[in-house]
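Numbers here simply count residues along the sequence, with the first being 1. Because the structure is predicted, anything quoted here is derived from the model rather than measured.
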Amino acid sequence: MEMGREMEEIVRDLREYFKTEKTKSVTWRKNQLTGILDLIHENEDAIFKALHLDLGKHPAEAYRDEVGGVEKSANKSLSCVQKWMAPKKSDIPLLFFPAKGEVFSEPLGVVLIFSSWNFPIMLSLDPLIGAISAGNVVVIKPSEQAPACSEFLANTIPQYLDSNAIKVIEGGSTVCEQLLQQKWDKIFFTGSPSVGSMVMSAAAKNLTPVTLELGGKCPAILDSLPNPSEFKLAVKRIIGGKWGPCSGQACIGIDYLLVEENLSYSLIELLKKIIRRFYGENPAESKVISRIVNKHHFERIRNLLKEPLVAASIVHGGLIDEENLFIEPTILLDPPLDSQIMTEEIFGPLLPIITLNKIQESIEFINAKPKPLAIYAFTKDETFKRKIVSETSSGSVIFNDTLVQFLCDTLPFGGVGQSGFGRYHGKYSFDTFSHEKAVMHRKLFLEIEPRYPPWSRFKLEFLKLAYRLNYFGLLLHMLAFKLGLKKYN
């Protein structure tokens with residue numbers, strides 16, 4: 001009960017502060033974005049330390065996937081926010097002459113952001129950049145499964161940002177439940193589909209709009225690439241897309257790989273060779289692979305390998321170090337399609353390879369599963385590319401690379417179906433946390449009104465025709481009626 005009252009007070013104070021309209025000014029927004037840049041520049045080593053404590057991330061990975069992404073996003077918003085805020089002119093049909101229209105972006109109000117543990121800095125600060133660019137007040141709930149990063153955010157954000165408008169609340173499931181009982185103007189959630197459904201259910205009670213960034217089993221398609229150098233580059237990028245981001249603990253990471261059967265042997269041999277080059281002969285001693293976040297997730301991943309037919313499909317790796325929460329890069333060839341590893345999101349360093357007779361069958365294979373957050377396809381076949389785009393549904397499609405769509409601010413990032421809904425990054429983040437209000441200005445003259453007698457059937461049909469042809473014809477008809485030309489009454 002005490003916690004509930006505390007949450008109510010926090011939300012009430014934020015709402016009162018929002019009413020002062022301080023957060024709507026371009027100065028306030030730019031000051032907060034500058035504060036985020038100062039935060040990451042002045043605390044880079046502390047961020048690296050927290051990410052290493054929580055996930056074992058190497059500083060290079062931490063900068064690439066977290067600090068660098070936040071810096072890029074904040075700089076983009078800082079340079080564009082004034083332009084984004086400006087009302088946008090809208091064309092008005094001649095029917096409404098004289099008039100003008102515009103679309104005005106206004107902040108939604110009090111926003112709640114749930115971040116995830118796998119990228120605890122990036123997935124807290126990147127949505128925050130969008131929320132404050134749009135002029136909102138915000139509560140951030142970092143994941144308790146990344147405690148060092150959660151503590152860092154809670155202690156550091158008040159030093160750099162407006163503490164009356166931006167608050168960090170730490171805690172576990174009880175805190176989440178109390179937060180969801182409050183009335184919010186927007187909830188932004190990054191996490192699993194199961195928790196996302198709970199968030200959406202709670203939001204529905206107050207008709208609160210939500211953005212859900214979830215995940216799913218993101219496939220990669222490897223077509224035949226006769227050029228050996230291109231084939232090798234594709235395999236390198238597949239390895240980067242699988243084990244590069246947080247040792248596979250990423251919603252946009254590759255979940256499984258589809259390839260023609262006649263390519264499977266050469267593919268596996270090349271995967272092994274490049275994995276050894278990237279991570280050494282003994283990956284457990286490598287300092288560049290993240291560890292599994294905690295024992296719960298470690299056990300979940302280990303259980304995926306316990307099924308006898310799944311274990312028998314391992315062709316590389318499989319080493320498990322429980323003490324250090326480490327699982328080495330592991331490749332499986334054609335595990336049973338009804339096994340857990342092929343029906344649930346892996347979210348770990350295991351890569352199943354599924355062989356097909358023809359690579360075109362990959363479209364049917366993908367369509368038999370829930371819609372993924374991303375599809376990665378390595379092919380030079382333009383016809384096949386068009387079929388993938390037109391015949392599958394996913395949050396995004398990336399040809400001949402992996403993960404890069406997350407860093408491209410000019411493209412929307414988000415899911416579809418079970419992989420989530422809503423979008424953000426760049427201007428899309430600003431739009432996600434804004435309401436686009438239609439504004440129309442008319443003049444107090446040239447009023448058109450029908451005279452007695454009322455409309456005849458003929459005039460009704462003429463009106464329909466005028467609508468179907470163009471608005472100008474409709475305007476002439478109404479003007480004629482205004483002047484009393486009632487020949488057909």
Side-chain angles (χ1 to χ4, degrees), residues 65 116 118-119 190-194 196 213-222 234-235 237-259 264 267-268 271 275 289-290 292-293 297 300-305 307 310 313-317 327-356 359 361-378 388 392-399 401-406 413-420:
D65 295 347
S116 184
N118 51 345
F119 300 94
T190 304
S192 67
S194 58
E213 296 295 339
L214 306 177
K217 296 182 74 65
C218 298
I221 302 168
L222 180 59
V235 173
R237 290 179 175 179
I238 288 168
I239 290 173
K242 178 59 188 181
W243 293 286
C246 202
S247 192
Q249 300 170 102
C251 58
I252 57 172
I254 295 173
D255 192 274
Y256 62 93
L257 177 59
L258 299 169
V259 67
S264 61
L267 168 63
I268 291 169
L271 281 168
I275 287 172
I289 303 181
S290 301
I292 308 306
V293 63
H297 284 281
R300 178 188 60 79
I301 297 169
R302 179 160 67 176
N303 288 338
L304 296 177
L305 297 175
E307 295 182 45
V310 172
S313 70
I314 295 175
V315 293
H316 177 77
I327 299 175
E328 75 169 318
T330 300
I331 304 170
L332 307 95
L333 180 62
D334 285 322
L337 297 182
D338 59 353
S339 60
Q340 278 189 310
I341 200 171
M342 286 308 298
T343 55
E344 297 181 4
E345 185 177 6
I346 296 172
F347 224 69
L350 316 179
L351 178 63
I353 296 174
I354 305 301
T355 59
L356 307 168
I359 198 63
E361 297 172 10
S362 58
I363 291 176
E364 183 179 354
F365 190 95
I366 292 169
N367 287 339
K369 297 181 177 295
K371 297 176 181 180
L373 184 57
I375 295 174
Y376 304 105
F378 293 83
I388 291 171
T392 65
S393 181
S394 59
S396 56
V397 178
I398 300 86
F399 291 109
D401 209 342
T402 60
L403 311 180
V404 292
Q405 79 281 11
F406 187 83
F413 179 82
V416 60
Q418 195 169 320
S419 60

Inset, instruction - For the residue pair Cys251 and Glu213, establish whether any side-chain heavy-atom pair is separated by less than 4.5 Å. - result: no
Inset, instruction - Give a yes or no answer on whether the side chain of Lys369 reaches the backbone of Gly216 with a donor-acceptor pair at less than 3.5 Å. - result: no
Legend entry - Heavy-atom pair of closest approach, residues Leu214 and Gly196: CD2-CA, 4.3 Å
Inset, instruction - State, to 0.1 Å, how close Thr402 and Gly240 come at their nearest heavy-atom pair, and which atoms those are. - result: OG1-C, 4.4 Å
Inset, instruction - Any chance you could measure Leu257, atom CG, to Tyr376, atom OH, to the nearest 0.5 Å? - result: 13.0 Å
Legend entry - Heavy-atom side-chain contact between Thr190 and Phe119 under 4.5 Å: no
Inset, instruction - Step through the shown structure and confirm whether more than 12 heavy atoms of other residues, nucleotides or ligands are within 6.0 Å of CD on Gln418. - result: no
Legend entry - Ile341 side chain near Ile346 side chain, heavy-atom distance below 4.5 Å: yes
Inset, instruction - Mind checking the CD1-OG spacing from Ile301 to Ser247? Nearest 0.5 Å is all I need. - result: 7.5 Å
Inset, instruction - Taking all non-hydrogen atoms of both residues into account, name the closest pair between Leu350 and Lys242 and its distance. - result: O-NZ, 2.8 Å
Legend entry - Shortest non-hydrogen separation from Gln340 to Glu307 and the atoms involved: N-OE2, 3.2 Å
Legend entry - Any Leu337 side-chain heavy atom under 4.5 Å of Ile354 side chain: yes
Inset, instruction - Go through the steps for Leu373 and Phe413 under the test side-chain contact (heavy atoms from CB on, under 4.5 Å), then give the verdict. - result: CA-CA 9 Å; Leu373 184 57; Phe413 179 82; 3.9 Å; yes
Legend entry - Short side-chain to backbone donor-acceptor contact, Arg300 and Phe347, under 3.5 Å: yes
Inset, instruction - Return the minimal non-hydrogen interatomic distance between Cys246 and Ser290, and the atom names on each side. - result: CA-OG, 3.6 Å
Inset, instruction - Please tell me if the side chains of His316 and Ile275 come closer than 4.5 Å, counting only heavy atoms from C-beta onward. - result: yes
Legend entry - Spacing of CD1 belonging to Ile238 relative to CG belonging to Asp401, to within rounding of 0.5 Å: 10.5 Å
Inset, instruction - For this output row, return yes or no: ring centroids of Phe365 and Tyr256 closer than 6.0 angstrom. - result: yes
Legend entry - Flag side-chain contact, heavy atom, 4.5 Å: Ser419 against Ser394: no
Legend entry - Spacing of CG belonging to Leu222 relative to OG belonging to Ser264, to within rounding of 0.5 Å: 11.0 Å
Legend entry - Test item: Val310 and Leu304 side chains (from C-beta on) under 4.5 Å apart, heavy atoms: no
Legend entry - Nearest-0.5 Å distance that lies between atom CD1 in Ile327 and atom CG in Leu305: 7.0 Å
Legend entry - Sub-4.5 Å side-chain heavy-atom contact between Val293 and Asn118: no
Inset, instruction - Answer yes or no: does atom CD of Glu364 have more than 12 heavy-atom neighbours from other residues, nucleotides or ligands under 6.0 Å? - result: no
Inset, instruction - Over all heavy atoms of both residues, which pair between Ser393 and Val416 is shortest? Give the atoms and the distance, please. - result: OG-CG1, 3.9 Å
Legend entry - From OG1 (Thr343) to NZ (Lys217), nearest 0.5 Å: 7.0 Å
